[in-house]
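Sequence lines set the chain letters: A, B, ... in the order given, protein chains first and strands last, and positions in each chain run from 1. Just so it is clear, the values below take in all heavy atoms, side chains as well, and ignore hydrogens, waters and symmetry mates.
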Amino acid sequence: MSVTKKQAVTLTDKKNGSKKRTRKHSLSIVDDEVINLNKKVKGKVNVKNSKLLLKNDIPLKKIEPDLKSTLAKQEDGDNELQSSQLSFTTNKSENSTKSKKISSAIKKDEETSETQVTNEYEEGESDDYKWWEADLEDDTEKWQTLVHNGVLFPPEYEALPNSVNLIYDGKPIKLPIQAEEVAGFFGAMINTDHAKNPVFQANFFRDFQLVLKESGGVLEPSGLKITDFNKCNFEPIFDYYESKREEKKQLSRAEKKALKDEKEKLEEPYKFCYLNGRKEQVGNFRVEPPSLFRGRGQHPKTGSLKRRVFPEDIILNLDKNAKVPELPVGHKWGEVKHDNTVQWLAMWKENIFNSFKYVRFAANSSLKGISDYKKFEKARELKNHIEKIRKDYNEKLHSKVTFERQIAVATYLIDVFALRAGGEKGEDEADTVGCCSLRYEHISLTPPNNVTFDFLGKDSIRFFQEVTVDKQVFKSLKLFKKAPKKSGDQLFDRLDPSILNKHLQNYMPGLTAKVFRTYNASKTMQDQLDGMNVELEQPIQEKILQYNAANREVAILCNHQRSVGKNHEASVQKAGDKIEELVWQKIRFKRALLQLNPGLKESDGKHFKDVWDLTKEKELEIIKRVSERDLLKFKRKFDNENEKKKEINEELLPETQLEEWMKKVNDQQNDYIKEVENDGKLSDEFMEKNNKEDKLREKIQKLEQRIVNANLQLKDKEDNSQVSLGTSKINYIDPRLSVVFCKRFNVPIEKIFTKTLRDKFKWAIESVDDDWRF
DNA sequence: GGCCAGACTTAGTACAGGAACC
DNA sequence: GGTTCCTGTACTAAGTCTGGCC
């Protein structure tokens with residue numbers, strides 16, 4: 001048995017039984033072995049009886065000895081990288097000792113260097129692998145072999161300079177390094193809304209005091225007790241971190257690049273893993289750094305200290321034969337598991353909620369792709385049951401049994417308004433709700449059948465909708481709110497998501513409340529696509545606008561919002577001004593054309609109708625605006641250049657230079673004003689420069705195109721100001737619909753999916769034709 | 001059958017970096 | 001070439017759902 005890095009895999013075409021050499025496999029394969037792979041029918045993957053162990057995955061027992069020898073020596077730099085990232089802060093004095101220990105451990109390691117994932121495999125090999133062309137079978141086992149290099153720990157804490165201190169009651173104090181780090185977390189963010197929130201402050205201060213106590217209390221003045229948050233002044237710390245941020249910004253291009261390269265080198269070993277012998281990307285290989293928890297909305301735990309995670313906290317998951325990633329002397333992994341029924345590579349328990357954090361595969365990995373594919377297929381399957389489900393809940397709205405009626409209304413709300421299931425929340429979580437957890441105060445009823453929903457949903461995003469509902473739904477809701485129910489009481493007191501989901505599974509295996517959101521989102525997109533009025537020869541920009549409009553319908557259905565950016569209003573104003581200026585310029589060139597060839601007014605009148613669209617007042621307003629902006633620009637240029645000259649001790653630009661530039665702007669402004677005063681007649685100087693009819697026409701055409709584009713962009717900007725399109729595109733709209741849109745209307749896929757999304761949805765891009773339907 | 005740990009998807013936000021503009 | 005603005009990605013919080021245990 002020999003090992004080759006790449007070897008063609010012979011595939012058996014199920015349809016005609018013929019053997020084809022179709023592609024190269026990325027790992028060692030047993031000589032001449034024929035691996036049967038059921039060829040997929042285009043666009044279809046057999047999900048029933050799906051097994052995630054794909055038939056062309058390499059069986060562990062067959063490759064194992066070779067894998068071990070093939071996973072060769074690590075490149076020199078890798079160990080050094082480990083040494084730089086594997087240091088774990090405890091306190092200042094321990095730090096240096098630990099770093100030394102780590103360095104020596106790594107040095108030692110270099111001599112016998114052998115690791116799990118090497119760079120021997122060329123990047124991009126996994127690109128060859130198309131799971132959607134394989135036969136998916138049972139999915140209890142997610143992998144047979146899993147090899148990876150563990151996780152990347154955040155850098156150790158760097159102590160503040162001696163001159164930078166927390167001020168308490170007007171006096172600088174010295175803190176133990178652990179407490180200083182926590183003070184630094186707060187100090188660095190005192191200008192944010194979080195830091196102004198009293199709950200955030202209280203939680204931070206409680207944990208800060210705790211860490212201070214754990215680390216032995218204030219160092220100088222010794223014995224000082226920090227008991228009052230209001231006596232703490234974090235400004236010196238804030239100023240320090242601001243200056244660091246500024247320093248980083250001011251780095252030269254080369255310095256920035258060097259830093260980036262260093263970061264990439266550090267990350268390289270963790271970016272990829274080998275799943276069943278194939279190179280796959282790891283998603284979040286970085287362990288979350290310690291920080292202050294930034295909960296959303298009115299979160300009772302916001303500001304709490306998220307503690308540093310050590311190797312001892314980490315549980316690794318890899319195959320039995322994979323080498324356990326090395327750690328510096330004195331450290332060990334919390335646990336090493338070999339659980340192939342799960343999709344995570346590492347996990348740890350975080351300290352705030354005692355919940356788990358996972359290191360997983362990247363979105364473009366085969367496992368994630370298969371999950372995504374199955375999710376959309378399940379939603380598609382709902383098509384076959386939705387009619388019956390709707391018929392049933394409409395009937396049960398009349399039921400005398402409250403439980404049945406509650407199930408019916410809840411299903412109605414989930415189906416029609418895309419509400420989430422709404423699980424129970426704890427005391428230590430933000431008060432947000434979904435369907436089953438709606439309370440008395442979250443809906444108001446206005447006869448005959450109007451309902452106002454007003455509650456905070458996931459991420460404390462407000463769900464506010466005034467809607468008209470089915471009359472029987474209205475009646476039922478009235479019943480569910482009937483006295484003695486009062487504010488604070490559950491609307492659906494007989495339900496919770498598990499009861500509801502159990503009921504839904506009577507209609508279709510695997511049907512849950514969540515599936516309705518995917519189904520209705522994709523169905524909405526399909527309907528929008530069907531109703532689109534797109535001409536093939538339309539500009540792409542316009543086609544994209546139509547796609548975005550459809551995407552927006554879905555986002556609105558799912559209540560995907562985003563906060564309006566601070567600069568939104570100014571940016572809309574600016575875009576409007578820009579359009580006005582483009583129109584003005586276009587008009588000036590059209591006037592020039594008429595001046596050059598007055599006969600055009602007769603022969604081609606309709607193209608010059610807009611020449612007098614702007615009033616004189618408007619034109620003067622635009623001229624004033626343009627001139628003011630130019631003046632400001634030259635003033636800034638003058639200041640900037642002199643600043644630079646000052647730095648390199650060069651002679652400064654004289655004031656006369658600025659005056660000269662300003663005169664230029666003023667002269668220009670006067671020319672423009674003269675034009676307006678002369679009823680649009682262009683100056684001789686302007687006409688001399690623009691004395692060719694075809695050149696003028698070209699300029700006008702370019703300006704017209706720019707105006708169209710700018711208007712489209714402005715419309716999109718306004719329509720999207722509060723709606724977040726990304727979430728629905730990434731999670732709810734079957735990507736095959738977007739591919740169909742692109743194919744049908746000849747729009748490059750790059751215009752709809754970013755690089756990341758193209759990788760994530762490769763299965764959709766490569767598997768559908770333009771007549772595919774959700 | 002209820003509870004809850006565990007595993008996964010869905011979500012908004014921060015910010016880096018690149019495109020657009022001048 | 002510098003500045004501004006916007007897009008894409010990383011990050012991690014916050015949901016949903018399953019299944020094992022008692």
Quiz prompt | Audit row: Tyr373(A), Ile370(A), side chain to side chain contact (heavy atoms under 4.5 Å, CB included) steps and yes/no | solution = CA-CA 5 Å; Tyr373(A) 171 79; Ile370(A) 291 166; 5.6 Å; no
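- With values rounded to the nearest 0.5 angstrom, Ser721(A) atom OG is found 7.0 Å from Arg562(A) atom CZ.
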Exercise. Kindly indicate, with the supporting measurements, whether the criterion side chain to side chain contact (heavy atoms under 4.5 Å, CB included) is fulfilled by Trp344(A) and Phe361(A).
Key: CA-CA 7 Å; Trp344(A) 52 266; Phe361(A) 294 96; over 6 Å; no
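- Comparing Ser291(A) and Leu511(A), the nucleotide of DNA chain C nearest to each residue sits closer to the 5' end for Ser291(A).
- Residue Ser355(A) is out of contact with every strand shown, counting any heavy-atom pair closer than 4.0 Å.
- For Lys357(A), the side-chain atoms get nearest to dA13(C) when compared with the rest of dT16(C), dC17(C), dA13(C).
- Residue Gln505(A) places none of its side-chain N or O atoms closer than 4.0 Å to OP1 or OP2 of dC17(C).
- Thr432(A) comes within contact range of the sugar-phosphate backbone alone, with a heavy-atom separation under 4.0 Å but no base atom that close.
- Side-chain N/O atoms of Thr754(A) include none lying less than 4.0 angstrom from OP1 or OP2 on dT7(C).
- The footprint of chain A on DNA chain B, defined by a heavy-atom cutoff below 4.0 Å, extends from dG6(B) to dC22(B).
- What separates CG of Leu456(A) from P of dG15(C) is a distance of 10 Å, to the nearest Å.
- Residue Ala430(A) is classed as having no contact, given no heavy-atom separation below 4.0 Å to the nucleic acid.
- Nearest-nucleotide assignment on DNA chain B puts the 5′-proximal partner with Lys502(A), out of Lys260(A) and Lys502(A).
- Straight-line distance from the CG atom of Leu152(A) to the P atom of dT12(C): 12 Å, rounded to whole Å.
- With respect to Thr432(A), the side chain to side chain donor-acceptor pair (under 3.5 Å) criterion is satisfied by exactly one of Lys458(A), Lys425(A), Arg296(A): Lys425(A).
- Distance check: Lys306(A) NZ to Asn351(A) CG gives 9.0 Å after rounding to the nearest 0.5 Å.
- Between Thr756(A) and dT9(C) there is a side-chain N or O to OP1 or OP2 distance below 4.0 Å.
- Taking the six-membered ring where the residue is Trp, the centroids of Phe753(A) and Phe761(A) are separated by under 6.0 Å.
- Taking atom CG on Asn501(A) and atom P on dC17(C), their separation rounds to 5 Å, with Å as the unit.
- Listed nucleotides: dT12(C), dA14(C), dC17(C). Nearest to the side chain of Glu288(A): dT12(C).
- Nearest-nucleotide assignment on DNA chain C puts the 5′-proximal partner with Arg286(A), out of Glu429(A) and Arg286(A).
- Rounded to a whole Å, the NE2 atom of His194(A) is 13 Å from the P atom of dT12(C).
- Annotation: cation-pi geometry satisfied between Lys301(A) and Phe353(A) (NZ/CZ under 6.0 angstrom from ring centroid, within 45° of ring axis).
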